[in-house]
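Data block below; observations after.
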Amino acid sequence: MNSKLRIALAFTLVAALATAAVAAAQEGEPVPFCEGESISGTVVAIDEASGEVTIDTGDGLCKVLLDGEFQHPIVALLGAFFNDISAEDLAAALASLAREVVCDPDTGDCAFAGEGEAGESATVVAVTDNGDGTFTIELLIVDEEGGEETLFITTDDADLAAEFQAALESLMVEWNLRSDDEGNVFVESAGDRIAELHDEGLGFGVIVKLYAIAAESQEVCAAEPPADPEPEGEGEENGEETTCGVTVDELVEAFQNGMGMGQLFKEYGKPALLGVGHVRKASLGEGEKPGNGNGNGNGNGNGNKGICNARARGGNANAHGHGDVDCPGDED
């Protein structure tokens with residue numbers, strides 16, 4: 001993470017957490033819905049049950065809803081499956097930044113509390129790569145009155161530093177919004193785009209293929225980030241060349257301009273999911289919980305659903321590589 005990004009993350013998240021702490025202390029003041037066509041800021045709270053997300057914009061707190069309702073059952077199915085904004089993932093990112101710390105009263109040196117060790121609750125707000133194999137973790141403690149204390153911990157645990165960095169980045173959001181007739185404000189999701197594409201005349205089978213192609217191309221990028229920002233023909237899928245990083249909108253434009261599905265398969269690779277039935281089968285895998293978008297099954301079934309779901313989604317859907325996992329549609 002470069003210094004500019006680190007500073008931006010630190011400043012925004014510190015401000016957000018401080019504002020959230022003050023707002024929480026002011027009982028009886030509900031957080032209003034966000035206004036406008038888009039919102040950018042830092043996620044500071046989330047209610048997984050309702051899908052309500054509280055965002056600090058820098059000018060105050062506002063809220064949005066993640067899960068909109070769609071009357072068309074297939075739009076609802078595909079929207080839920082291909083959606084790359086997850087309440088579960090955001091909640092997990094927030095939880096991963098909350099840590100217990102212990103500090104030596106004599107030296108002032110601080111460390112993360114060990115298992116079973118009582119410490120003080122703090123929140124990670126920034127990570128700095130020191131360039132010598134160590135990382136400085138900046139944490140914030142906010143008391144009940146809104147007072148702040150900043151402390152620092154140095155670690156050589158690169159995996160832990162990367163975990164904190166990923167969580168911080170995932171909480172910095174920029175979303176398009178839509179409103180319903182009742183004044184509720186929702187984050188525009190894959191379902192909204194799918195409904196729009198269907199209204200434009202695209203069949204659901206075509207939409208599934210385009211989304212799956214885009215997701216698998218993103219998986220190629222995530223597994224092996226290319227040096228060229230605009231690579232051509234990197235990776236292989238089903239024996240065909242796969243282009244890294246193509247988006248749904250780019251595929252839609254190519255298809256609507258006359259590029260056939262066979263040509264798209266040749267250019268970008270044939271995806272594992274080829275129709276609504278495959279999506280429904282992947283969504284209802286026996287003995288498994290829904291995947292979290294990172295390709296992790298729960299281990300109770302065949303372990304495939306999380307990975308197959310990841311293959312069919314963008315964002316963090318890099319799964320664990322293709323491996324020997326058989327997704328619905330692989331046999332096709």
Notebook entry, point to check: Would you find more than 12 non-hydrogen atoms of other residues, nucleotides or ligands less than 6.0 Å from E174 atom CD?
Noted result: no

Item checked: Trace of the side chain to side chain contact (heavy atoms under 4.5 Å, CB included) decision for E48 with E88 -> CA-CA 7 Å; E48 289 187 72; E88 181 183 15; 3.9 Å; yes

Note to self: I want to know whether H72 and F204 have ring centres closer than 6.0 Å.
What the structure shows: yes

Next item on the list: Report the C-alpha distance between E253 and D249 in whole Å, list the side-chain angles of each, state the deciding distance to 0.1 Å, and finish with yes or no for side chain to side chain contact (heavy atoms under 4.5 Å, CB included).
Entry: CA-CA 6 Å; E253 182 179 3; D249 286 342; over 6 Å; no

Next item on the list: Measure the shortest side-chain to side-chain distance between L273 and Y211 over non-hydrogen atoms and say whether it is less than 4.5 angstrom.
Entry: no

Notebook entry, point to check: Of all heavy-atom pairs between F33 and C62, which one has the smallest distance, and what is that distance?
Noted result: C-CB, 4.1 Å

Notebook entry, point to check: Is there a side-chain contact between K270 and K209 (heavy atoms, below 4.5 Å)?
Noted result: no

Notebook entry, point to check: Could you go step by step and tell me if T54 and V43 meet the side chain to side chain contact (heavy atoms under 4.5 Å, CB included) rule?
Noted result: CA-CA 6 Å; T54 303; V43 173; over 6 Å; no

Item checked: Min side-chain heavy-atom separation L65-V187 under 4.5 Å -> no

Checklist line | Heavy-atom check, side chain of F186 versus side chain of V64, under 4.5 Å | finding: no

Next item on the list: Determine whether V206 and M261 make a side-chain contact, defined as any pair of heavy atoms from C-beta on separated by less than 4.5 Å.
Entry: yes

Note to self: Is any side-chain heavy atom of F81 closer than 4.5 Å to one of I194?
What the structure shows: no

Note to self: Is it the case that atom CD in Q256 sees more than 12 heavy atoms from other parts of the structure closer than 6.0 Å?
What the structure shows: yes

Check: Is there side-chain contact between F164 and L139, with heavy atoms separated by less than 4.5 Å?
Finding: no

Side chains of residues 91-103: which donor-acceptor partners sit under 3.5 Å, not counting sequence neighbours?
unit_1: S96; atom_1: OG; unit_2: A93; atom_2: O; d: 2.8
unit_1: R99; atom_1: NE; unit_2: S96; atom_2: O; d: 3.2
unit_1: R99; atom_1: NH2; unit_2: E163; atom_2: OE2; d: 3.2
unit_1: E100; atom_1: OE2; unit_2: S121; atom_2: OG; d: 2.8

Checklist line | Lys/Arg-Asp/Glu bridge criterion (N-O < 4.0 Å) met for K63, E52 | finding: yes

Notebook entry, point to check: Is there side-chain contact between E138 and T128, with at least one heavy-atom pair below 4.5 Å?
Noted result: no

Note to self: Please report the interatomic distance OG(S40) to CH2(W175), rounded to the nearest 0.5 Å.
What the structure shows: 11.5 Å

Note to self: Can a side-chain donor-acceptor contact be found between T136 and N130 if the only test is distance below 3.5 angstrom?
What the structure shows: yes

Check: Does F152 share a hydrophobic cluster with F135, counting links as ILVMFWY side-chain heavy atoms below 4.5 Å and allowing steps through other members?
Finding: no

Checklist line | Atom pair CZ (R178) and OG (S189), whose distance is rounded to the nearest 0.5 Å | finding: 6.0 Å

Check: In this structure, are over 12 heavy atoms from other groups packed under 6.0 Å from E200 atom CD?
Finding: yes

Item checked: T134-D132 side chain donor-acceptor pair, cut-off 3.5 Å -> yes

Item checked: Verdict with supporting geometry, L151 and I141, side chain to side chain contact (heavy atoms under 4.5 Å, CB included) -> CA-CA 8 Å; L151 52 88; I141 297 175; 3.5 Å; yes

